[in-house]
Amino acid sequence: MKDIKIDDFKISSQINIKDLPTAFDLGKSEKKIEKELRKVSRDLADIQNRMYAHGKYSVLFCIQGMDTAGKDSLIREVFKEFNVRGIIAHSFKKPTEYELKHDYLWRHVKALPARGKFGIFNRTHYENVLVTRVHPEYLMYENMPNVNSLDDVNDAFWDRRFNEINNFEKYIADNGTIVFKFFLNISKEEQKNRLLRRLEKPEKNWKFSPDDLDEREHWDSYQTCYEDAINKTSKPHAPWYNLPADDKPTARYIVAKILYDTLKEYDDIKEPELPEKQKANIDAYRHQLENE
């Protein structure tokens, strides 16, 4: 198995999205990759158990990508070894009428994980600088002050949003949330193949929506917006990772390995010790139970 180095995937300088790979060869068969994924997932779950008991950090796991990039199955496979008490997932769809009565970050703030837990954002607060940038007419539903027409949605508007997102992520990072952001980078050709499979296999028909084809027409615009968002918001406290997503098992393994290799460096995450008085009486407690 080819060694995974975090820095090979972390975005730490300005990028051109066309230069980012959508495929990565681990040098192993799919079966062996899946076996290694299970092992890393178990190790990751052990860290999560300690983190839950420790109760001082939380993890925010964000994934963004074009339709069919494999977000749902990645979540299922990477986190399947986790205890359900320590993880919660949110899939952010089109904002509801009630959500639109609040600022655009409100629904994401209230979904943040508590200390000790993993929170998963399947599609994230970045929808507010991706979908709404490709379709700025959606912003009119937010009923914001000083945005009375699309003429008000200018470069200054987007720069303000990027600053707000950076400030939001810096705030939660400073308060104990470890932030991971993965861009599931799928090629246009692979997306086409996956959409065709949804049409050709009856058991996958339910996944298909004509909207997928409409959004595919905006592929180039989305790529430009992703590039801009990544360049403006990949920070040391909340880095973006380019995840080659053309091969699903490989993508899942890379994610799990990056999570594990990063979190194992937090050597202060450990189970809390018993108070000295209780520790000194362990033998007495055991004796009491054994002689009930």
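Computed from a predicted model, the values in this text were never measured in an experiment. Count residues from 1 along the sequence.
To the nearest 0.5 Å, atoms CG (Leu259) and CZ (Phe180) are separated by 5.0 Å. Note that the CE atom of Met140 and the CG atom of Asn148 stand 8.0 Å from one another [nearest 0.5 Å]. The CD1 atom of Ile6 sits 12.0 Å away from the CD1 atom of Ile254 when rounded to the nearest 0.5 Å. Atom CZ of residue Arg115 and atom CE of residue Met51 lie 11.5 Å apart, to the nearest 0.5 angstrom. Residue Ile11 holds its CD1 atom at 8.0 Å from CG of Asn231, rounded to the nearest 0.5 Å. Considering CG of Leu243 and NZ of Lys71, their distance stands at 11.5 Å, rounded to 0.5 Å.
Dense packing is recorded around CG of Asn291, with more than 12 heavy atoms of other residues, nucleotides or ligands lying under 6.0 Å away. Counting non-hydrogen atoms of other residues, nucleotides and ligands closer than 6.0 Å to CD of Glu97 gives a total of 12 or fewer. The environment of Lys264 atom NZ is dense: over 12 non-hydrogen atoms of other residues, nucleotides or ligands sit within 6.0 angstrom. In Glu137, the CD atom is crowded: over 12 heavy atoms of neighbouring residues, nucleotides or ligands sit closer than 6.0 Å. Within 6.0 Å of NZ on Lys39 lie no more than 12 heavy atoms contributed by other residues, nucleotides or ligands.
At a threshold of 4.0 Å, the pair Asp46-Arg42 does not count as salt-bridged, since none of the basic side-chain nitrogens sits closer than that to a carboxylate oxygen.
Glu127 is listed as a side-chain neighbour of Gln64, based on a closest heavy-atom distance under 4.5 Å. Residues Ser58 and Thr177 have side chains in contact (heavy-atom distance under 4.5 Å, counting atoms from C-beta outward). You'll find the side chain of Val147 reaches within 4.5 Å of the side chain of Val153, heavy atoms only. You'll find the side chain of Met66 stays beyond 4.5 Å of the side chain of Arg216, heavy atoms only. Between Arg198 and Thr68, the closest side-chain pair of non-hydrogen atoms falls below 4.5 Å. Side-chain contact check for Lys232 versus Asp159: some heavy-atom pair is nearer than 4.5 Å.
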Can you give me every donor-acceptor pair (side chain of residues 24-36, partner residue at least two apart or in another chain, under 3.5 Å) with its distance?
{"from": "Asp25", "atom 1": "OD1", "to": "Gly27", "atom 2": "N", "distance (Å)": "2.8"}
{"from": "Ser29", "atom 1": "OG", "to": "Lys32", "atom 2": "N", "distance (Å)": "3.3"}

Which atom pairs, one a donor and one an acceptor, fall under 3.5 Å between side chains of residues 77-86 and the rest of the protein, sequence neighbours left out?
{"from": "Glu77", "atom 1": "OE1", "to": "Lys80", "atom 2": "NZ", "distance (Å)": "3.2"}
{"from": "Asn83", "atom 1": "OD1", "to": "Arg85", "atom 2": "N", "distance (Å)": "3.0"}

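With hydrogens and angles ignored, the 3.5 Å screen pairs no side-chain donor or acceptor of Arg194 with any backbone N or O of Asp67. Remark: side-chain polar atoms of Lys181 are paired, donor with acceptor, to backbone N or O of Ala238 under 3.5 angstrom. Judged purely by atom type and a 3.5 angstrom limit, Ser234 has no side-chain atom pairing as donor or acceptor with the backbone of Ile230. Between the side chain of Asn167 and the main chain of Asn163, a donor-acceptor pair closer than 3.5 Å is present. With Tyr226 contributing its side chain and Gly65 its backbone, the two residues share a donor-acceptor pair below 3.5 Å. No donor-acceptor pair closer than 3.5 Å links the side chain of Ser221 to the backbone N or O of Val134. In this structure, Asn49 contributes its side chain and Glu271 its backbone to no donor-acceptor pair below 3.5 Å. Here the side chain of Arg161 pairs no donor or acceptor atom with the backbone of Val129 at under 3.5 angstrom. At least one donor-acceptor pair under 3.5 Å links the side chain of Asn242 to the backbone N or O of Pro21. Remark: side-chain polar atoms of Asp212 are paired, donor with acceptor, to backbone N or O of Ser209 under 3.5 angstrom.
Remark: the Asn122 side chain and the Asp72 side chain contain an N/O donor-acceptor pair separated by less than 3.5 Å. At a cut-off of 3.5 Å, with distance as the only test, no side-chain donor of Tyr104 or Thr132 sits close to an acceptor on the other residue. Side-chain atoms of Arg252 and Ser41 include no donor-acceptor pair closer than 3.5 Å. With hydrogens and angles left out, the side-chain atoms of Asp268 and Tyr57 include a donor and acceptor closer than 3.5 Å.
For Gln278, the side-chain contact (heavy atoms from CB on, under 4.5 Å) criterion is met by Leu274, Pro275, Tyr285, not counting sequence neighbours.
Between His135 and Tyr138, the two ring planes are parallel [angle under 30°; tilted spans 30° to 60°]. Note on ring orientation: taking the six-membered ring where Trp is involved, the planes of Tyr98 and His102 are perpendicular (angle over 60°, cut-offs 30° and 60°).
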(Q) One pair to check against side-chain contact (heavy atoms from CB on, under 4.5 Å): Phe121 and Leu112. What are the steps and the verdict? (A) CA-CA 9 Å; Phe121 282 6; Leu112 287 171; 4.2 Å; yes
Q. So Glu142 and Leu139, side-chain contact (heavy atoms from CB on, under 4.5 Å) or not? Walk me through it.
A. CA-CA 5 Å; Glu142 296 186 22; Leu139 290 167; 3.5 Å; yes
Q.
Could you go through Glu169 and Lys235, starting from their C-alpha distance and side-chain angles, then the distance that decides it, and tell me whether this counts as side-chain contact (heavy atoms from CB on, under 4.5 Å)?
A. CA-CA 9 Å; Glu169 292 174 349; Lys235 305 294 182 181; 5.8 Å; no
**Q.** Thr233 vs Tyr126, side-chain contact (heavy atoms from CB on, under 4.5 Å): CA-CA, chis, key distance, verdict
**A.** CA-CA 10 Å; Thr233 63; Tyr126 283 94; 3.2 Å; yes
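The heavy-atom pair separating Leu150 from Pro136 by the smallest distance is CD2-O, 3.5 Å. Closest of all the heavy-atom pairs between Pro113 and Gly119 is CB-N, 3.6 Å. Closest of all the heavy-atom pairs between Cys62 and Thr124 is CB-CG2, 3.6 Å. The two atoms that bring Arg197 and Glu190 nearest to each other are NH2-OE2, 3.5 Å, heavy atoms only. When all heavy atoms of Pro244 and Ala251 are compared, the pair lying nearest together is O-CB, 3.6 Å.
Aromatic ring centres of Phe182 and Tyr241 lie closer together than 6.0 Å.
Annotation for Leu213: hydrophobic cluster partners, listed by chain and number, are Leu195, Leu199, Phe208 (ILVMFWY side-chain heavy atoms under 4.5 Å, direct or chained).
Counting only residues at least two apart or in different chains, side chain to side chain donor-acceptor pair (under 3.5 Å) contacts with residues 12-22 comprise Thr22-Asp246. Among residue pairs with one or both ends in residues 139-171, those qualifying as ring pair (Phe, Tyr, Trp, His ring centres under 6.0 Å) are His125-Phe168; sequence neighbours excluded.
Hydrophobic clustering (ILVMFWY, side-chain heavy atoms < 4.5 Å, transitive): Leu184 and Leu60 are in distinct clusters. Ile63 and Val255 end up in the same hydrophobic cluster when Ile, Leu, Val, Met, Phe, Trp and Tyr side chains are linked at under 4.5 Å. Phe183 and Ile120 fall into different hydrophobic clusters, where Ile, Leu, Val, Met, Phe, Trp and Tyr are joined by side-chain heavy atoms under 4.5 Å apart, directly or via other members. Ile178 is connected to Val40 through a chain of hydrophobic side-chain contacts under 4.5 Å among Ile, Leu, Val, Met, Phe, Trp and Tyr, so both are in one cluster. Residues Phe118 and Ile88 fall into different hydrophobic clusters, defined by Ile, Leu, Val, Met, Phe, Trp and Tyr side chains chained together at heavy-atom separations under 4.5 Å.
For the pair Arg107 and Phe92, the cation-pi test (distance below 6.0 Å, angle within 45°) is failed.
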